[in-house]
Amino acid sequence: MKKDIKIEEILDYVAVEKAPDYLIHKWKADVELQKERKRFFTVFFRPSIVFPLVLAGFWYYFAVFKRELFEYYLVDKLRSLFQEISPVVADSTSTIASSNYYIIGAGIFSITLAAISLLWYYQVKKLRYAPIRYL
Amino acid sequence: MKGKYNNLQIDIKKLKEKSEDEFEKFFKSYLNRIYTVVYRVVKNPATAEDLTSEVMMKVYNGINKFKEQSQLSSWVFRIAYNHAVSYVRRHKDTESIEDYETKIEDQSRGHLDYLEREELSNYIKGKLMELPEDYRVALTLYHFKEMPYQEIAYTMGINIGTVKTYIHRGRNELKVLLEEVVREEE
């Protein structure tokens, strides 16, 4: 160590550490990734997509996993409601509920519900008379 | 509030518009110093790299919070410092940090007679890392091309008097730690 070197000078010399250059590239990649993630969420996680899917999910959940509750409201209650107005509707709900294809039917119904909702939202301009538009 | 330590011309407006070119220009100039602030706190190069990366994203995402009441660099150093300090607080018991501390110490032991400038700087860096965290950060910032006390105070979230005290004490403690070298000189 030379005598003329002072601590101050050495500290000036050692003050700054050398950072790896890849950090700049990593930052750029992180920014791109963040943009992509944002784009993905913007496109796929908008309420118009999420709500119908969630709604269909709830429908499917109650129809399949909470069947007693579902039957109570949609079959028994509807049956008593429709008994006088339209016994055919009342009977068909109980027929569907007790059918072997009930789970498949519930799934198809849920997906159809979600698909129609999406179609309604996105195709309004193209399909002026989209079936569910005026509901 | 322009200091000698900050000569880079950065368009803050462009930064706030998220111009990646402008950010790149800024980061290219300040990367080493941001890394140094983090490294002085965490004392582990791998961790410092990860945290520097996170700091860069924080700066990029939070640039609109910069109120231009201080130098941009000080604002960035402040983010880096706070991020590193909270990391250390969260990982107080992490062994890897202590392991690296030992490693630095081991490297710093040697025959001073044979130390060349590069080795000497490594030796002093090792000793610098033995200082208390506040002292070594204050000393480091002070030696970022003469960063003003006011900016150091802002970066560390303390007052100017405390900064002066830290730098003074840090320098004295470093001298004590380097006593061995000084004795060799004599």
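Lettering of chains follows the sequences in order, A, B, ..., and the numbering in each one begins at 1.
By the criterion of side-chain heavy atoms lying less than 4.5 angstrom apart, applied directly or through intervening Ile, Leu, Val, Met, Phe, Trp or Tyr residues, Val31(A) is not grouped with Leu33(A); the two fall into different hydrophobic clusters. Side-chain heavy atoms closer than 4.5 Å link hydrophobic residues (I, L, V, M, F, W, Y) into clusters, and following such links, possibly through other members, connects Val38(B) to Tyr22(A). Both Val54(A) and Phe65(A) are assigned to one and the same hydrophobic cluster, defined by single-linkage of ILVMFWY side chains at heavy-atom distances under 4.5 Å.
The residue among Leu128(B), Asn61(B), Leu139(B) with the most heavy atom pairs within less than 4.5 Å of chain A is Asn61(B). Among Thr140(B), Leu31(B), Leu174(B), Ile34(B), the residue making the largest number of heavy-atom pairs under 4.5 Å with chain A is Leu31(B).
Looking at Lys28(B), the atoms closer than 4.5 Å to chain A (heavy atoms on both sides) sit in the backbone and in the side chain alike. The contact between Tyr60(B) and chain A is made entirely by side chain atoms (from C-beta outward), counting heavy-atom distances below 4.5 Å. Contact annotation for Arg136(B): neither backbone nor side-chain heavy atoms come within less than 4.5 Å of a heavy atom of chain A.
Between Phe23(B) and Trp27(A), the ring planes are tilted. Angles from 30° to 60° get that label.
Remark: Lys28(A) does not engage Glu20(B) in a salt bridge, criterion side-chain N to carboxylate O under 4.0 Å.
Within 6.0 Å of the NZ atom in Lys18(A), the count of heavy atoms belonging to other residues, nucleotides or ligands exceeds 12. Few gaps surround NZ on Lys18(B); more than 12 heavy atoms of other groups in view lie less than 6.0 Å from it.
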Under 3.5 Å, sequence neighbours excluded: what are the donor-acceptor pairs made by side chains of residues 50-58 of chain B?
{"from": "Thr52(B)", "atom 1": "OG1", "to": "Ala48(B)", "atom 2": "O", "distance (Å)": "2.5"}
{"from": "Ser53(B)", "atom 1": "OG", "to": "Lys26(A)", "atom 2": "NZ", "distance (Å)": "3.1"}
{"from": "Glu54(B)", "atom 1": "OE1", "to": "His83(B)", "atom 2": "NE2", "distance (Å)": "2.7"}
{"from": "Lys58(B)", "atom 1": "NZ", "to": "His83(B)", "atom 2": "ND1", "distance (Å)": "3.3"}

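Of all non-hydrogen atoms in Ile24(A) and Glu24(B), the two that sit nearest each other are CG2-CG, 4.1 Å. In plain terms, the two heavy atoms of Glu17(A) and Thr36(B) that are nearest each other are N-OG1, 2.7 Å.
For Asn159(B), the side-chain contact (heavy atoms from CB on, under 4.5 Å) test picks out Thr162(B), with sequence neighbours left out.
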